[in-house]
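Read the structure below first, then the notes.
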2 protein chains.
Amino acid sequence: MDDDGSMTRGRATAEMVAQRAKVSRVAVSRAFNPHTSLKPEKRELILRIAQELNYTPDRAARALVSGRSHLVGVIVPDVCSHWESQEIDALTTALQNEGFATLLFKTRTDYSMDEKLLAYMRGFNPDSVIAFVENVKPTTLARFLDRAVPIYVHYPHPGSVDNGDTGPLHDRLNVLQRAGVEQAVALLQGYGARRIAYVSGVSKSRANTAREQMLRTVMAERGLPPPIIAPSDYSYDKAYAATLDLFRLGAGADAIFAANDVGAFGVLDALRHELGLRVPEDVKVVGFDDIAQSHWKSYNLTTVKFDLEERVRALVRLILRRLNNPEAPALQETLQTRLVVRGTVG
Amino acid sequence: MDDDGSMTRGRATAEMVAQRAKVSRVAVSRAFNPHTSLKPEKRELILRIAQELNYTPDRAARALVSGRSHLVGVIVPDVCSHWESQEIDALTTALQNEGFATLLFKTRTDYSMDEKLLAYMRGFNPDSVIAFVENVKPTTLARFLDRAVPIYVHYPHPGSVDNGDTGPLHDRLNVLQRAGVEQAVALLQGYGARRIAYVSGVSKSRANTAREQMLRTVMAERGLPPPIIAPSDYSYDKAYAATLDLFRLGAGADAIFAANDVGAFGVLDALRHELGLRVPEDVKVVGFDDIAQSHWKSYNLTTVKFDLEERVRALVRLILRRLNNPEAPALQETLQTRLVVRGTVG
DNA sequence: ACGGAAAGTGAAAACGTGTTCATTCTTGGT
DNA sequence: ACCAAGAATGAACACGTTTTCACTTTCCGT
């Protein structure tokens, strides 16, 4: 349907644009790359013809020569998990605005990282990798990601090894949980709570360890007995069951911390709909995350908030900085937390 | 750190593997592609050395020559939306098992599709595209996706133009909603409900139109007055507000259909926590989707179920069939729905 | 008008792989 | 032991870009 001599099936190529615009193929390349010298009117002509032909530079070819795929790999155990789906959503938007795309991979739900997946992902040449899976050793990750830039999310807490952990050579996002936990414990204590339980996340996950340790430390500082640990795995169902066990097999509690908001929902439903307890009158409940669902009326959860937007901005900032300057010294970003008070306490 | 002469920074190349294995570079290529003739012991040797060197064929180079990127683009207005996050999750798992990866793109939340995004995505050369955005015209999509295979999800309903709609030339997944809607309406009618409202989804979305039309038709067939339409947009907050309007500005209803489960949660919370009505005694509620949250005790929602696993299997089957045989005639897959009865009716 | 610097230009090389096509090696049957 | 057939092999080309490097043109100050 074109008057060009060579009409290959599929997309237009730089050669075709050049031919039709009576310029060299190099000029076409330059027209699409800023910071190259090309006569403005010529660039304009080329871009117009390119649009006519529906031409876009082939990213595979571009990646091959430039070494940049403009892909960011995201490894996640469970896309549906509310916090993670919200983080992926925000991340995708931010990356899209910077000319990147999100490449999604799923790993096992027990938060373990398998090497086959890493090798698989590596084949796609991501420029950077964000691993929400937390128990992979940085050295393992680095070994499998030759050129890609890995980003670590770290939760400093009493007892964590600070720099031997991820190593001083890697960029890192530090999430400081102390402020939010202190506010929550102070509030609970103010209402007279003393027997405080912790419905955990996946025990191997770093976020869970950090939360439990921080809670233990803060409670000790305020003269409270150590928290009663109810093992769970971040899921609604397991948290629900753990709560039943806590009250039926154990001695119950005045207040319950859940490792995440979804777990807190399970706790709430178990308390109200199966154990016949009132919240917050009989038991007080606090979560972690502040996902969008936490303000829903059925739950209306008091929770330790992580600022998602700020977190994603920090992640993207780290990625872009590192990509623009691969040899720069390790960078760190820091994030605070705070308590959002709603109806499950007080 | 290697005894090889040329030590380029970054990943190993086929040339290095060949050099070290004392074979030609072509042999290395063959070792990684099945259905090629290569002496078994030689292939074994090459693969072993490749593993030692941590070598994997570069997908960018492979894509350039083969024309296959092994990427599947997924366009979505909102990753956090529960149904969609669950679909993305299942899709990613299935694609990963077939050697593909999910490439995620976000569009505006009003379900409109903009051409800039399509052009942007096209640059990444996806082999196939699944558009959950429903109001894009197939011709528009096709024009922007030269080589990629688009897959359409279609919701046939009374009044929909069947083949002029997506065209007979495109693969299609048909989701038949009649069975589930009929079961739901019959159940409601059995309990004496007569004034039935529909809290809608985004009005421009095809799924919403299909659901509303199907509901209207089924209700008419059973001698019920037409549904009261409460405009909403699939979100919890909007459904919540729409329900308040329905009862405060309007005349209320015996039963409420929500266009999706998340919307139904908003309806439930508005009824119970703001209007002081009991469910199911005063008002009965039915949703669409059957997402994982619908069995949570606080909601325990009766809903029209879409079988997610089956749906994803069908989508992947369509994609792979088309990729293996680009010239095959258009394929269609069909999916049924059914009612899942829980606590919000009866 | 002249010299030189700056900007614009195109030919050719590179990126890492799959594929085609002759050529060489192995194998089995007579 | 010989011939033919089939398998295994490697050289060369192709894929669509970006980049480097000379080369040519344009521009400005004296």
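Chain letters run A, B, ... following the sequence lines, proteins first, then strands; residues in each count from 1. This one's a predicted model, so the numbers in the text were calculated from it and none came from an experiment.
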Annotated protein contacts, base or backbone, on nucleotides 17-27 of chain C with a non-hydrogen cut-off under 4.0 Å, one of B, S, - each: BBB--------

Between NZ of K22(A) and P of dT9(C) the distance, given in whole Å, is 17 Å

Please enumerate all residues that pass side-chain contact (heavy atoms from CB on, under 4.5 Å) together with T56(B), with sequence neighbours excluded. R122(A), R11(B)

Rounded to whole angstroms, how far apart are NE2 on H70(A) and P on dT18(D)? 10 Å

In whole angstroms, how far is the C1' atom of dA8(D) from the CG atom of L45(B)? 15 Å

For R43(B), what residues pass the salt bridge (charged side-chain N to carboxylate O under 4.0 Å, His left out) criterion, not counting sequence neighbours? none

Q96(B) (side chain) donor-acceptor with K106(A) (main chain) under 3.5 angstrom: yes

Rounded to whole angstrom units, what separation is found between the CG atom of L53(B) and the P atom of dG16(C)? 14 Å

So, is K42(A) close to the dG10(C) phosphate, meaning a side-chain N or O under 4.0 Å from OP1 or OP2? yes

The side-chain contact (heavy atoms from CB on, under 4.5 Å) partners of E44(B) (sequence neighbours excluded) come to none

Contacts of T92(A) meeting side chain to side chain donor-acceptor pair (under 3.5 Å) (sequence neighbours excluded), chain-then-number -> T102(A)

From the set dG16(D), dG10(D), dG10(C), return the single nucleotide nearest to any side-chain atom of L64(A). dG16(D)

With sequence neighbours left out, what residues match R321(B) under side chain to side chain donor-acceptor pair (under 3.5 Å)? E333(B)

